[in-house]
Structure formats: C-alpha cells, structure tokens
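One structure is given below, encoded as structure tokens.
Note that this is a predicted model, so its numbers are computed, not measured.
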Amino acid sequence: MPRARSPLAVLVLVICAGCASPATTSPATGQEGVSASEAKSLGAFTAPYDARLDLISSGRGQWVLRLVNRGRHPDDYSFVLDPAAAGRVTPARLHLAVAEEQQLTVDGAPATIRVLSRGRNAEIAAIPLS
C-alpha cells in the first residue's frame with residue numbers, strides 16, 4: 001500500500017517541479033501553459049513570475065486596468081482579448097521590473113482580458129470586462 005504524503009510535502013513537490021521546468025503543461029488540455037484558474041489550483045502563484053491585474057475604472061466601452069509585477073523577477077507581458085475581435089488593448093505588451101506597475105486601457109466591447117507571462121510561459125491573470 002502506498003504511503004500517504006502530507007499536504008506540505010505535496011506543496012513542496014509542486015513548487016519544486018515548477019522551478020525545474022519553465023514550461024508547464026495544462027492538465028486540462030495537454031498543451032503548454034496553464035490557465036489562471038489552473039495555476040491557482042496547482043499552487044503556481046508562488047512562482048518567481050507572477051502578476052496582479054486590477055480593474056481601476058470602466059465606462060462607455062473603455063476599461064482602465066493596472067498590472068503589477070508581483071514575482072521575484074522582471075517579466076514581459078502580453079494581453080489577449082477573448083473574443084479577439086472585441087477591441088484593442090493599449091499597450092499590447094509590457095516589460096515590468098519587480099514590483100513595478102503600469103496602467104493599460106481596453107477599448108471596445110465586453111470581453112475577457114488575459115495576461116500572458118513570458119517568464120512563466122503561461123496565462124497568469126484574467127478579468128471579464130462587462
């Protein structure tokens with residue numbers, strides 16, 4: 001009979017596995033990268049690459065958001081709207097130092113904005129805009 005592992009041992013294994021391989025495969029799709037919800041459930045938000053996306057204001061088809069690099073390393077970010085034809089994100093890409101923050105604007109129809117981290121090679125945040 002296999003020995004049961006403590007939750008702490010499992011957490012350490014998940015964190016160490018994330019450190020050993022920069023590219024993560026999604027259990028849901030089998031493709032490289034994980035969604036924000038998968039990352040949270042896998043404990044990946046403790047990774048060296050992390051960010052926080054906050055909605056600051058909205059109105060008349062325009063949303064203003066703030067992205068903060070919460071990781072331990074500088075990172076490059078790109079933004080994707082779902083559906084893609086819903087509008088435009090300005091700027092389309094950002095480089096942020098550790099703890100640096102910057103505002104971005106979405107113009108268009110309601111959509112979900114997704115933040116992709118180059119350092120983690122995965123989606124790290126998503127907010128529905130309505």
Side-chain angles (χ1 to χ4, degrees):
M1 180 174 195
R3 202 172 86 195
R5 293 186 182 179
S6 73
L8 179 57
V10 172
L11 177 61
V12 169
L13 287 173
V14 168
I15 290 172
C16 289
C19 295
S21 172
T24 306
T25 301
S26 166
T29 65
Q31 296 180 351
E32 192 174 288
V34 295
S35 70
S37 61
E38 285 176 311
K40 188 173 185 179
S41 69
L42 295 172
F45 284 129
T46 58
Y49 298 98
D50 194 9
R52 179 178 173 150
L53 182 64
D54 296 308
L55 180 63
I56 297 173
S57 66
S58 64
R60 297 186 181 164
Q62 185 176 74
W63 295 265
V64 178
L65 302 108
R66 175 180 40 245
L67 183 69
V68 182
N69 181 345
R70 305 287 291 234
R72 297 185 310 266
H73 299 290
D75 202 358
D76 294 303
Y77 304 96
S78 58
F79 309 99
V80 176
L81 288 179
D82 184 17
R88 182 174 52 129
V89 181
T90 307
R93 297 179 185 273
L94 285 176
H95 175 83
L96 295 179
V98 175
E100 185 179 6
E101 63 182 61
Q102 186 162 335
Q103 288 187 2
L104 53 138
T105 304
V106 177
D107 293 297
T112 297
I113 182 169
R114 301 184 187 285
V115 181
L116 308 173
S117 159
R118 182 174 179 200
R120 190 184 289 174
N121 194 28
E123 177 184 311
I124 57 169
I127 293 182
L129 305 173
S130 55

(message) Nearest 0.5 angstrom please: Ile56 CD1 to Leu104 CG, how far?
(response) 8.0 Å
(request) For residues Glu123 and Ala126, report the shortest heavy-atom separation together with the two atoms involved. (result) OE2-CB, 3.6 Å
(request) Identify the heavy atoms of Pro91 and Gln103 that sit nearest to each other, and give their distance. (result) CD-O, 4.0 Å
(request) Give a yes or no on whether Leu116 and Leu53 share a hydrophobic cluster (residues Ile, Leu, Val, Met, Phe, Trp, Tyr; joining criterion: side-chain heavy atoms under 4.5 Å apart). (result) no
(request) For residues Leu81 and Arg88, report the shortest heavy-atom separation together with the two atoms involved. (result) CD1-N, 3.7 Å
(message) Grouping I, L, V, M, F, W and Y whenever their side-chain heavy atoms are under 4.5 Å apart, do Val115 and Val68 come out in a common cluster?
(response) no
(request) Of all the heavy-atom pairs spanning Asn69 and Asp75, show the shortest one and how long it is. (result) ND2-N, 3.7 Å
(message) Could you measure the distance from the CG atom of Leu96 to the CD atom of Gln102? Nearest 0.5 Å is fine.
(response) 6.5 Å
(request) Identify the two heavy atoms, one from Arg114 and one from Asp82, that lie closest to each other, and give their separation to 0.1 Å. (result) NH2-OD2, 3.4 Å
(message) Out of the candidates Val64, Thr105, Leu65, only one should pair with Ser57 under the side chain to side chain contact (heavy atoms under 4.5 Å, CB included) rule; please name it.
(response) Val64
(request) Might you point out which heavy atoms bring Pro110 and Ser130 nearest each other, and give the distance in Å? (result) CB-CA, 3.9 Å
(message) Please tell me whether Val80 and Ile124 are part of a single hydrophobic cluster in this structure, the criterion being side-chain heavy atoms less than 4.5 Å apart.
(response) no
(message) Here's a test for you: under side chain to side chain contact (heavy atoms under 4.5 Å, CB included), which of Val106, Leu67, Thr90 qualifies with Phe79?
(response) Leu67
(request) State, with a plain yes or no, whether a side-chain heavy atom of Pro74 is found less than 4.5 Å away from one of His95. (result) yes
(message) Any heavy-atom pair between the side chains of Trp63 and Leu55 that's under 4.5 Å?
(response) yes
(request) Please confirm whether the backbone N or O of Tyr49 pairs with a side-chain atom of Arg120, one donor and one acceptor, at under 3.5 Å? (result) yes
